[in-house]
Amino acid sequence: MSDALSEQQRRRIAAARERRLAPWRERGMEAGEADAVGVVITHFGAELELEPLAGGEPLRCFLRATVDPVVTGDRVLFERERDEDGTPVPGRGVVTARLPRDGLLARHTARGLKPVCANLDLLVVVLAPEPAPHADLLDRYLLAAALDDLDVLLVLNKAELPAAAEPALAALLAPYPALGVPVLRVSADTGAGLDELRARLAGRAAALVGQSGVGKSSLLNALVPGAGAEVGSLSARRNRGRGRGRHTTSVTRLYRLDGGVLVDSPGIRAFEPDVPAPEALGAGFPEIAEAATACRFRDCRHEDEPGCAVRAAIAAGTVAPSRLASWQLLRAEAEARARP
Ligand code: GDP
Ligand code: ZN
């Protein structure tokens with residue numbers, strides 16, 4: 001090995017150490033010997049589970065009070081917990097800092113903005129012929145992905161069912177490939193399409209999202225041997241939840257997969273992404289934003305204004321009516337939030 005190369009390596013190691021220490025320097029502290037980097041697998045109340053980046057058994061940790069809240073996917077610094085005579089307590093640690101995030105998927109809830117997971121690069125939106133899909137939910141995920149700079153993959157599960165061939169479903173999915181969003185037809189039951197799904201997930205930091213009952217847990221079990229996610233029949237769940245909408249997956253959890261990670265989160269019925277301003281909607285609706293540049297009024301809502309180029313595009317078949325319907329709903333939401 002040449003001296004030049006080892007010099008380069010030394011610089012790289014020093015730079016990595018600098019990055020690791022940066023959160024500490026901000027707090028006027030130096031990292032101790034024992035600190036290491038970990039990834040948050042899941043969290044429950046005040047405790048979380050993390051996996052050391054260097055490998056090894058997962059640890060149960062609590063957060064030191066000064067540390068910012070963490071979510072699944074966050075990278076953190078941790079120390080091993082020690083008893084009075086300094087012996088490490090097996091499987092226990094304490095998180096001492098949260099490292100900088102590269103993106104955060106979040107949604108609005110009745111109790112405020114709720115972060116879902118951090119450091120993703122791909123959103124895998126799962127849908128199925130049953131329960132019936134809603135374009136509105138797909139478009140909300142697409143928008144969140146665009147705002148958070150994530151790629152999106154639409155996965156139609158239960159593709160072996162006859163209902164998967166219905167024209168209404170094809171019409172619902174038709175707009176997406178032209179928007180750069182691939183649509184993959186798979187079946188967790190027969191295994192069809194799973195090799196391609198695996199290939200698309202390799203090396204990615206992906207999250208499985210979608211309505212409850214579309215087969216996210218089934219796909220997770222097929223992709224990650226030993227994941228052991230509980231698969232529930234729709235009717236069984238309805239009974240268990242006593243109509244209150246309980247889900248079999250109740251926490252967001254990260255799994256390792258072919259050099260990448262896959263995050264499974266509870267199925268949700270409604271998803272309200274965090275849209276910074278009504279003008280930001282264009283990120284998730286590029287075809288509408290583009291058509292709208294030719295509308296007569298700059299603030300056209302594409303309802304019944306004269307000279308509306310978006311409605312003209314719908315009449316010409318170049319913009320899907322379902323996409324405009326989603327845009328209008330999200331626009332109203334974003335405006336309501338923007339009001340003081
Ligand atoms: P989740 O709520 O999205 O996690 O969905 P589950 O994985 O719990 O699956 C919901 C229901 O759909 C269960 O009854 C599964 O057996 C069923 N299911 C999952 N994948 C398939 C599939 O590819 N084909 C068919 N026919 N049913 C499936
Ligand atoms: Zn218009």
Side-chain angles (χ1 to χ4, degrees), residues 39-50 60-76 95 97-120 123-126 131 134 136-150 205 207-214 216-217 229-230 232 237-238 240-254 263-278 280-281 283-284 326 328-340:
V39 179
V40 176
I41 302 296
T42 189
H43 65 101
F44 1 71
E47 279 208 335
L48 57 91
E49 188 179 327
L50 70 74
R60 280 284 185 123
C61 294
F62 60 90
L63 280 185
R64 198 161 273 173
T66 49
V67 180
D68 298 321
V70 301
V71 295
T72 295
D74 262 322
R75 286 182 279 264
V76 296
V95 169
R98 186 181 82 197
L99 295 177
R101 283 172 173 162
D102 182 15
L104 177 71
L105 182 69
R107 64 192 192 92
H108 286 287
T109 70
R111 280 170 294 159
L113 193 63
K114 184 181 188 297
V116 182
C117 53
N119 300 317
L120 294 176
L123 205 57
V124 179
V125 184
V126 184
H134 302 287
D136 170 53
L137 186 60
L138 301 187
D139 293 333
R140 286 165 184 271
Y141 281 124
L142 252 63
L143 174 62
L147 293 171
D148 205 18
D149 222 3
L150 310 176
L208 285 177
V209 296
Q211 268 171 275
S212 192
V214 293
K216 295 184 301 299
S217 305
E230 191 193 340
R237 264 187 247 220
R238 242 171 246 136
R240 224 184 359 254
R242 288 191 301 275
R244 284 189 284 118
R246 286 234 319 258
H247 312 294
T248 45
T249 304
S250 58
V251 292
T252 302
R253 190 176 179 91
L254 180 145
V263 172
D264 186 34
S265 56
I268 49 177
R269 291 212 192 97
F271 175 67
E272 190 183 334
D274 187 30
V275 184
L281 282 183
S326 300
Q328 281 164 338
L329 275 175
L330 280 156
R331 165 109 195 174
E333 268 177 27
E335 282 175 346
R337 289 215 176 269
R339 254 174 246 130

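Side chains included, hydrogens not; waters and symmetry mates left out as well; all remaining heavy atoms used.
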E272 and E333, any side-chain heavy atoms less than 4.5 Å apart:
yes
Flag the pair V71 / L104 as yes when at least one side-chain heavy-atom distance between them is below 4.5 Å, and no otherwise.
yes
Would you mind reporting whether V209 and S265 have side-chain heavy atoms less than 4.5 Å apart?
yes
What I'd like to find out is whether the side chain of V263 reaches to under 4.5 Å of the side chain of L120, using heavy atoms alone.
yes
Is the shortest heavy-atom distance from the side chain of P273 to the side chain of L330 under 4.5 Å?
yes
Any non-hydrogen side-chain atom of T252 less than 4.5 Å from a side-chain atom of D264?
no
So which of N119, D74, D68 actually passes side chain to side chain donor-acceptor pair (under 3.5 Å) with R101?
D74
Answer whether the closest heavy-atom distance between the side chains of L50 and V39 falls below 4.5 Å.
no
Do you know the tightest heavy-atom contact between L147 and V275?
CD1-CA, 4.1 Å
For Q211, does its backbone N or O pair with a side-chain atom of K216 as donor and acceptor, under 3.5 Å?
yes
What pair of heavy atoms forms the shortest contact from A283 to A146, and how long is it?
O-CB, 3.4 Å
Side-chain heavy atoms of V95 within contact of L48, under 4.5 Å:
yes
Could you give me the CA-CA distance, side-chain angles and deciding distance for V76 and V70, then say whether side-chain contact (heavy atoms from CB on, under 4.5 Å) is met?
CA-CA 8 Å; V76 296; V70 301; 3.9 Å; yes
Test item: R75 side-chain N/O and R98 main-chain N/O as donor-acceptor pair under 3.5 Å
no
First locate atom CZ of R253, then atom CZ of F44, and finally report the distance between them rounded to the nearest 0.5 Å.
6.5 Å
From the list L137, L143, D139, side-chain contact (heavy atoms from CB on, under 4.5 Å) partner of Y141 resolves to L137
Option passing side-chain contact (heavy atoms from CB on, under 4.5 Å) with D148 (candidates L105, D102, D274):
L105
